Every structure is written in C-alpha cells, then in structure tokens.
Undergrad: 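Have a look at the structure that comes next, please.
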There are 4 protein chains.
Amino acid sequence: MGTASTAATGQRRPGRPRSERAERAIIEATLALLAESGAAGLCIEKVAARAGVGKATIYRRWPGKEDLLLDAVACLKAPLPEPRGLSVRDDLLALLEAMCEQFADPCHMREFALLLGEGAAYPRLMTRYTETVIEPRREVIRAVLRRGAVTGELREDIDVDAALFMMIGSVLARSRYGDAPVEPGYARRVVDEMLSGIGAR
Amino acid sequence: MGTASTAATGQRRPGRPRSERAERAIIEATLALLAESGAAGLCIEKVAARAGVGKATIYRRWPGKEDLLLDAVACLKAPLPEPRGLSVRDDLLALLEAMCEQFADPCHMREFALLLGEGAAYPRLMTRYTETVIEPRREVIRAVLRRGAVTGELREDIDVDAALFMMIGSVLARSRYGDAPVEPGYARRVVDEMLSGIGAR
Amino acid sequence: MGTASTAATGQRRPGRPRSERAERAIIEATLALLAESGAAGLCIEKVAARAGVGKATIYRRWPGKEDLLLDAVACLKAPLPEPRGLSVRDDLLALLEAMCEQFADPCHMREFALLLGEGAAYPRLMTRYTETVIEPRREVIRAVLRRGAVTGELREDIDVDAALFMMIGSVLARSRYGDAPVEPGYARRVVDEMLSGIGAR
Amino acid sequence: MGTASTAATGQRRPGRPRSERAERAIIEATLALLAESGAAGLCIEKVAARAGVGKATIYRRWPGKEDLLLDAVACLKAPLPEPRGLSVRDDLLALLEAMCEQFADPCHMREFALLLGEGAAYPRLMTRYTETVIEPRREVIRAVLRRGAVTGELREDIDVDAALFMMIGSVLARSRYGDAPVEPGYARRVVDEMLSGIGAR
DNA sequence: CAATAATCGAGACGGTACGTCGCGTCTTGGG
DNA sequence: CCCAAGACGCGACGTACCGTCTCGATTATTG
C-alpha cells in the first residue's frame, strides 16, 4: 500500500531484509512530530532522531518528506461507516456526520492540506491517493444514492455525481474556510436541504 | 492593498522613497516563479535574483514568504461577476460557472493550494484572506439566495449557509479531486440538482 | 598569502565585506582541533562549531579541509634563522639545528605529513606551498653554501644542490623514520660528516 | 605476510575455507583504486564493489582501510639490489640509483605519501612498516658503509647513521619537493659529494 | 550421507560528516 | 532613507562511507 512496502511478488531481494521495526518507528515518529509541530516544522532529520534511526534508512524507503507524510497519514485513515441500509436519509446523514467528524480531527485536516498544497508537484502520489483513498469513499456514497433512486426514496433521475460532490464539498468548504469548527447540526441541515432542494415547490 | 503599501496618510517619510519599480519587479518575479515551480520551489532568494533586487528590499516590504505570496496572488484575484438580478437560477448558474472557470486556471488553483496547504501554519494570513477574499465572494452568493427566498423563486425557509457551502463545495470537491477537468455542463447540473432536491416528490 | 585572502587589488568587491573576525576564529579553531585530535579527527563541522561560525562561512573561503589546514598550519611557520655570517660551519650548524627543532614540533610534522599525503591530489596547493615556503628556506641554505665556496671555507667546485638536499634530507629522513626523536648532537654529526666527506683521505 | 594470511599451523579451521580468489581480487581492486584516485579517494565500499565482493569479506580479513592498504602496497615493494661487493663507491651508487628509480614510480610515491600522511594516526602500522620494510633497506646501506670503513675505502671513523640518513634523505628531499623529476646524474652527484665532503681540503 | 560450521554475495542498519541551499539579519558604498 | 550586493549564523537537505549486522546460498570437514 505504502511506497515503502515490499512488492507483492514472492521473490525475496538479496541481502539483509528491511527492518519492519524501523519502518514502524519512522511512521510513529512522523505522526508524533506532525501532531506536535505541524507539517511545516517537520523534517527528516528530526524524524530520524526521534525514531532512533539513520537518515538513510528513511531515504531508502521514501524519496522525500511529502511521500513519508503521505504514507504516515494514510495509516490514520478512518474508513467511512458501512451504511446500515434501512433508510437512505439516515445513511446519508451518518456518512456526512462521519465526514464532519473526521475533518474536525486536525490530523486529517493536515492530510488534506498536504495533498492540496503539495499534490500538484507529485502527480503520481495524487493519483495513488485518489485511487486508494478518495475513490472508495466516494463509491460508498454513490452506492447509497443509487439505492435511493431505485427504492424511490430519492428522485428517480438523480444526478449521482453532482449530488456526490455537493455532499462532499459542503463539508470540505465549510470546514476549511469556516471561521468556527463545524457545528453539531450541520450534517443534518445539509442532508435536509439536499433532499428537499432549495427551489420553491 | 498589500502589506507593502505605503500608509494612506498624507505624511511622507523622510529619505529616499521606495522604488515602485522594485515593487513591481518583485511581484512579477514571484508570480513567474510561482507558475514555474509552485509554492514549494519558490524562495525569497530566487525572487530577489529574478527581480534584480536585494533581499533586504523584499524584507523591507513583506515579513516573509507567505505574505509576499499572498500579495502576489491577490493581484490575480478575479472577482465573481455581479449578479444580473433577473432570475435567481440564472444568477446562481452564472456564479457557479465563473467559479468553475477560475478553478480551471492553474494559477488560481495554485492560489487555493497555497492557502490550503500552508495556511494552517499561518492563521493570521488565513484570517486576512478569508476576510478580504473569501467572505465577499460568499456574500455575493448569499445575497442571491436570500433574494430568492424573498421573491419566492426559492423555498422561503431555505438554509442559506448550507446551500452556500453545497454550491461552493461542489466546485471545490469536483475540481480538486476530479480525475478530469470540470466538464462544461457541470455547473448547470449542480444548480438543477440543488433547486429540485434529490428527494422524491 | 592564504587562499582566503582578499586579492591585493585596490578594488573592493560589492556587498558586505568578509569578516576578519570570523577568519581568525576559524584558523584558531582549526589549529586547536588539529592539536587536540590530529588531522584525521578534524572536520569542518567541528571547526565551524568551535569557531562559532556557519559552515558556509568556511566554505566561502576554502574549498575543503585540506586547503583550510594548509592555511592554518602556514600561520605557524617559523622561518629559518638568519645566518650570522661569521663562519660557514656555524651557520650550517645553526640552520640544521633549527630544522631539527622544528621537526620535533608535532605541529610541523603534521604540516609535512599533510603535504606529502594529500599533496598529490592538490597540485595547485603543492606548487604554492613550494614557492612560498619551501623554496625560500632552500635559498637561505644555498646562499650559505655559495658563500663558503667563495670564501674558501668550502670546496670551490661544490655541487650546491646535491649538498642542499643532503642537508635537508638528512633531517627529513631521520626525523620521520627514526624510531626515536632526533637526538641533540645529530645536527653537528651531519655537518661534520658533510664537511669532511665520508671518503678516505 | 599480510594480516590476512591464514596462520601457518597445519590445523585447518572447520567450515568453508576463505576464498583465495576473493583475497586476490580485493588486493587488486585496492591497488587499482589507489593508482586511480589516491589514498584519499579510496574507500572500502568501492574496493568491495570493484572486487565483486561483500564488504564483510574485506572486514573479515583486515580491520580497516589502513591495514588493507598496507598489505596492498606491501605487494609492490621492490627490494634494494644486493650490493655487488666490489667497490663501495659503485655499490652506494647502485643503491642510490635504485632508490631514485623507485621514487620515480608514482605507485611507490603513493606508498610513501600514504605512510607519511596517514602514518601519524596509526603508530602501530608505522612501526610494523618501519620494521619490515624500512629498516631492512637501511641495513643494506649500513652494511656497505661499514664495509667501506673496514676496507679503507671510506674514512675509518665514519658516522654510519649520519651518512645513512644523508644518503636516503637526499633522494627523499629531492624527489618529493623537487619541481622536476630526479635527473639522471643526481645519484652520482650525491655520492661524489658525500665521498669528497664539501669542506675545503 | 547428513549435519555442522564458516564463508560467500548482497545489502540494510545506526551513525557521522560532507558540501549545498535557503532562511532572515547585517553591513558595506553609493544614490 | 533606500538601493544592490553579498556575508553572517543557522539549520535542514540529500549523499557517501563507516563498521556492524543479517539474510539465503555455498562449500568444506566431520560424525
């Protein structure tokens, strides 16, 4: 999954195998420093010192700071909850609330910031991240929306992708640019507004 | 406007006045480097060299890299178009399309990436940016939404902020994480979906 | 004289001039560390730390360790004593004794070792050192030998250079490969042997 | 001979015996790199790579770089020619010419440079080298000088050690610091000067 | 013949020093 | 007071080697 992982081939490379212990220590040190000082005040040198590891041991696994950070934060990824499947409205609400909650965690906020800020320079990483993290999340939501269109809980001819981005984006825009943390009822307000539409009846 | 501007008092400081030529060269060099190498590969030293200016001349005007960047990108800011005021739907559509267009410009994309990525470390900047750039834009949209609630074009009890973030966020989420550039009809699809709602009638 | 010195032109370079204070501190730190840990256990990083100076300040002046060391030890160079001019034998003896004495100083020993060991890699330095340090010393000795040939104290047809290298080399070979430090009477023994020759009368 | 040699006991150690092939390859690689880049630009890692050998295979045999180098250069040592014993003058001349010739070989020059330059840090090596290489050479010369004192070809009361170092040193000083390679007649000039002495008759 | 044991190549390990780059500050002579 | 130029102390960068270690595979001698 991570850049550092051994390829899934059965082949063993010659020479001493890479220490799993070191890898764990590096990731932990990275997350600890990230939490303490933020992405700006994080440097490989400190990670190595904190992990009790030589710098080369880090560079052997990750080409640079961004890649390390990306793998580190990926270890934190909390998947969206499995929809319960009873009511589409309840499922959407639960998903949206989970997203709000995750965005409230500064560590996830950092993850997004990192990807947005430095992603442009590392398209390879962006692609991988999108495929392995972003797209699966979207698919969970899409599935619920499609289910609603079938059961009749949602409009039959719903534009699934438009609705998807409205849902996701409402959290993204609110949490990032919001002057205050996302308030408790926010998810419910968005879901209700989406369901009923803003147009007059 | 920028941090660098001379106070608007009629008072003139003693000594040689600051060179307007230098200021322009600095801003231009900053934008050029930003476009070439992104925010990460940009440093004061290179800006100074490219602008043919001493480093001190930059530091005399801006406290650091972030502030310089902020002023530089502020020069690019394209305001949202003034709503025409005939139809709420048309106004929303126009606003959304303008946003999509701006996001398609890589230079504006960088602006957002910069603020999102590095903003966390500089709350002061974020605050100022939010106040001077983000909030006025939001206000334009809010005004249209409120007008719609009054004229009856929109639901009377619309949740203005929820709708606002759904609109903004739908573009943000789509353009950033989208695998392809935003397609032509996207704005219309979002507006229609928002107006009608996804719930069954 | 040293690599670091400003060219002797009257021209001043633009910008802030190099700090003479820093230069002195670097040389002093180098000599201190050289005395403490030898040439092997000396590194730029420690010199910088000890001198209270950034590494770049050292690299701005000297391209590398060897060059720095060379300039540092050059500051120690004790010139040969001025011949008194009364007796050629006494003058040669005094010069030889001074050389023995200097070689007994571990710091001068290091200087030679350095030049011999690393000199091959830095022909430019070797040339400079030969011209400014070695050759003047030789000339002092040559002058005495020539004087002796004129005054009749030495053979009229003496091979000045052969004698020169015999004198210098006898100290070099003795002190370097000798198992013990050069003993007190050594210089006198060499001078006598040179004067009388080893051939039977 | 070298540190690496198996003890001369008839006992064989259990397990796989050390590969003679690897040993040869290591020595050859060492000498090749020494000739190419000098002692400074030589490192175990490159030796191993060039020899197609694991680093451990080197460290199993030699404790470090110096010891390896010492064994490597020892393979090059050209002994002084056996004196023919007819004329002391001719013997001294032959010995001195052989020394001049050896110093002209850049590989032997490196050997000396290495020992002089880095020897100070490794007294153990210096001692061994002096005992096994230097002292035997000296003894050859001393024997000739003593023989001359007995046969009457040299002065009866000759100071053997002083003369020894004058001879050796004259080549050392000339070849090392000389601006040009040692010229053809140099050895003869030194021998003549030594025999006749520089003092007036 | 199988077990044992040292060696082989390869290469990862924790370190140290390298030489470079950029930071934000400072210090020149000259407008 | 500003300008350009550039040195300053600092700290992180990514690389190269150090000497040690751990792999699976090989190659002898011993039981």
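Note that the coordinates shown come from a computational prediction; the quantities given were computed from them, not determined experimentally.
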Undergrad: Could you encode protein contacts along nucleotides 22-30 of chain E as a string, one character per nucleotide from 5' to 3', using B for base contact, S for sugar-phosphate-only contact and - for no contact, with a heavy-atom cut-off of under 4.0 Å?
TA: BBBBBBB-B
Undergrad: Would you call C:Arg61 and C:Glu23 a salt bridge, taking side-chain N to carboxylate O under 4.0 Å as the test?
TA: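 Answer for the salt bridge query: yes.
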Undergrad: Reckon A:Thr57 has a side-chain N or O less than 4.0 Å from the OP1 or OP2 of E:dC13?
TA: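 So the side chain of A:Thr57 is within the cut-off, an N or O lying under 4.0 Å from OP1 or OP2 of E:dC13.
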Undergrad: Is D:Thr30 reaching over with its side chain to a backbone N or O of D:Ile26, donor-acceptor style, under 3.5 angstrom?
TA: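 Yes, D:Thr30 side chain to D:Ile26 backbone: donor-acceptor pair under 3.5 Å.
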Undergrad: CG/C:Leu42 to CG/C:Leu68 distance, rounded to the nearest 0.5 angstrom?
TA: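 Taking CG in C:Leu42 and CG in C:Leu68, the distance rounds to 7.0 Å.
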Undergrad: Between E:dC18 atom P and C:Asp67 atom CG, what is the distance in whole Å?
TA: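 Those two atoms, CG and P, are 13 Å apart.
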Undergrad: What is the separation between atom CZ on A:Arg18 and atom P on E:dG14, rounded to the nearest whole Å?
TA: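 Between P of E:dG14 and CZ of A:Arg18: 12 Å.
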Undergrad: Nearest-Å distance, CD (D:Glu23) to C1' (E:dG9)?
TA: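 Result: 17 Å.
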Undergrad: With DNA chain E as reference, determine whether D:Gly52 or A:Ala22 sits nearer its 5' end, using the nearest nucleotide of each.
TA: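 Residue closer to the 5' terminus by nearest nucleotide: D:Gly52.
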Undergrad: Any non-hydrogen side-chain atom of A:Trp62 less than 4.5 Å from a side-chain atom of A:Leu69?
TA: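 No, every pair of side-chain atoms sits at 4.5 Å or beyond.
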Undergrad: Determine which pairs satisfy salt bridge (charged side-chain N to carboxylate O under 4.0 Å, His left out) with at least one residue from residues 51-60 of chain B, sequence neighbours left out, and list them in order.
TA: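 Residue pairs passing salt bridge (charged side-chain N to carboxylate O under 4.0 Å, His left out), neighbours aside: B:Glu45-B:Lys55.
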Undergrad: Rounded to the Å, how far apart are A:Glu20 CD and E:dC13 C1'?
TA: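 So the two atoms are 15 Å apart, to the nearest Å.
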Undergrad: Could you pull out all residues at least two apart from D:Arg50 that satisfy salt bridge (charged side-chain N to carboxylate O under 4.0 Å, His left out)?
TA: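 In terms of salt bridge (charged side-chain N to carboxylate O under 4.0 Å, His left out), with neighbours along the sequence ignored, D:Arg50 is linked to D:Glu36.
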Undergrad: If the condition is salt bridge (charged side-chain N to carboxylate O under 4.0 Å, His left out), which residues does D:Arg21 pass it with, not counting sequence neighbours?
TA: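 Residues passing salt bridge (charged side-chain N to carboxylate O under 4.0 Å, His left out) with D:Arg21: none at all.
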Undergrad: What is the first contacted nucleotide of DNA chain F and what is the last, in 5' to 3' order, if contact means an atom lying under 4.0 angstrom from a heavy atom of chain A?
TA: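 Both ends considered, the range comes out as F:dA12 to F:dC23.
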Undergrad: Kindly give the heavy-atom pair with the smallest separation between D:Leu31 and D:Val73, and that separation in Å.
TA: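 Smallest heavy-atom distance, with atoms named: CD2-N, 4.3 Å.
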